[in-house]
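Notes to accompany the following structure.
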Amino acid sequence: MTQPSEINLLAAPHVRSLHAYTPGLQPKESGWVKLNTNENPYPPSPRVAEAITRELGGALRLYPDPLSSAVRRAFAQLHGLAENQVIVGNGSDDVLNLLVRAFAGGAGRGVAYAMPSYSLYPVLVAIENGATVEVPFTREMTLPVEALARSEASLLLLTSPNAPTGVGFRTAELEKLAQAFRGILVIDEAYADFAEENAMALVSRYPRVVVTRTLSKSHGLAGLRVGFAAGRPEVIDLLDRVRDSYNVNRLSQAGAIAALGDTGYLADVVARIKRTRAAAEAGFRARGWFTYPSQTNFLFTEPRTADGRTGPDVAKACYEHLLAQKVLVRYFGSHALTRNFLRITVGTNAEMEALSRAIESWPLTA
Ligand SMILES: Cc1ncc(COP(=O)(O)O)c(C=O)c1O
């Protein structure tokens, strides 16, 4: 009989040493206040369920449109782009994966990203057996334009606004980076609808800029798995060559078109989340907790004890207290710039009140 170790030996060496991405917890039972994975607390546009219902039944017999052409067109129209400047993926994670697959092994020194940012990036690069170049942020979280440009990577993955901090970057800064960096600059705009500015206009001005978006956050469709990349047709063509032929299923394509069409619903939901965010941000600061100004649907805040202590032990203790109260937030203990903090998704007003009550009951709180 083949032993597991022999099976391991049959895998490529870089696959043997891979560590999979750790997603946030998705509890199975009810009763949780779930503020850990930046989902939208509100349901998607009702038009999405109508469109998906129409698609159910006989149509499921047939493969979906391999190009997701109608979805590409809908997204392109919204952003003043041509259809051949857009690709659709099974979530933006899929699109990021295609970018790494296409460009990680190209001319340059591998794939660069700033730290801390979205923790999936190194995993995607490891899957391709690519080299990584990590460029550190400082606690101020300003964009290290020159260091990123100097990375000489073939691909640069930049989250804007950043995660897990929520800090937004000025388009003018991103434009400086687009001018100075010689590789493909990917601006991951998963949270752009909650931000003051976005970089979509750079796609038409700079041939090596790609902007990615998702329906998972502002549109409340994390479960549908639809994401986008916008770039020059030459870039999109390369991504199409490395994509699964049917990477977006029929129901997701139908739902995506409906969601993109309901711009009024999107604006209402985003406005509600921003109001709740402002109140929660003020609440943390009133407790004396340092909190980065957020341009996303989450807050990155540094718990502080009544006697003024902060640090990894304090943040971890706060996380565990909240967990015991069935309030789920995210703690990233592995990086010096994240381990004093908690990342907390903006929920409904009622969920944020439950969070406040749970914090009030923390024995170390003021
Ligand atoms: C910065 C960033 N990019 C991309 C994603 C992935 O989004 P999707 O659900 O579209 O795969 C996330 C999800 O948390 C994210 O935080």
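Ligands are counted one by one from 1 in listed order, and the atoms in each one are counted from 1 as well. Only heavy atoms go into these numbers, but all of them, side chains included; no hydrogens, no water, no symmetry mates. What you are looking at is a predicted structure, and each value in this text was computed from that prediction instead of being measured.
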With a cut-off of under 6.0 Å to the ring centre and 45° to the axis, is [X] in cation-pi contact with [Y]?
{"X": "Arg139", "Y": "Phe290", "result": "yes"}
{"X": "Arg343", "Y": "Phe298", "result": "yes"}
{"X": "Arg213", "Y": "Phe75", "result": "no"}

Before signing off on this row, confirm whether [X] and ligand 1 have an N or O atom pair separated by under 3.5 Å.
{"X": "Ser92", "result": "yes"}
{"X": "Thr214", "result": "yes"}
{"X": "Tyr118", "result": "no"}

As an exercise, identify every atom of ligand 1 less than 4.0 angstrom from a heavy atom of [X].
{"X": "Lys217", "result": "13 (C), 14 (O)"}
{"X": "Gly91", "result": "10 (O), 11 (O)"}
{"X": "Thr159", "result": "1 (C)"}
{"X": "Arg225", "result": "8 (P), 9 (O), 11 (O)"}
{"X": "Ser216", "result": "8 (P), 9 (O), 10 (O)"}

State which residue, out of Thr296, Asn40, Asn297, Asp193, fulfils the side-chain hydrogen bond (donor to acceptor under 3.5 Å, both in side chains) condition with Ser218.
-> Asp193
CD/Glu146: more than 12 non-hydrogen atoms of other groups inside 6.0 Å |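 Atom CD in Glu146 is not crowded, with 12 or fewer foreign heavy atoms closer than 6.0 Å.
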For ligand 1, is Gly227 a contact, meaning one of its heavy atoms is under 4.0 Å away?
-> no
Any non-hydrogen atom of Asp188 lying under 4.0 Å from ligand 1?
-> yes
Return the residue, atom name and 0.1 Å-rounded distance of the protein heavy atom closest to atom 15 (C) of ligand 1.
-> Tyr191 OH, 3.7 Å
How far is atom 6 (C) of ligand 1 from its nearest protein heavy atom, and which residue and atom name does that atom have?
->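 Among all protein heavy atoms, the one nearest atom 6 (C) of ligand 1 is Asp93 OD1, 3.0 Å.
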Do [X] and [Y] sit within salt-bridge range, that is, some charged N less than 4.0 Å from a carboxylate O?
{"X": "Glu83", "Y": "Arg73", "result": "yes"}
{"X": "Glu197", "Y": "Arg170", "result": "yes"}
{"X": "Arg205", "Y": "Glu175", "result": "yes"}

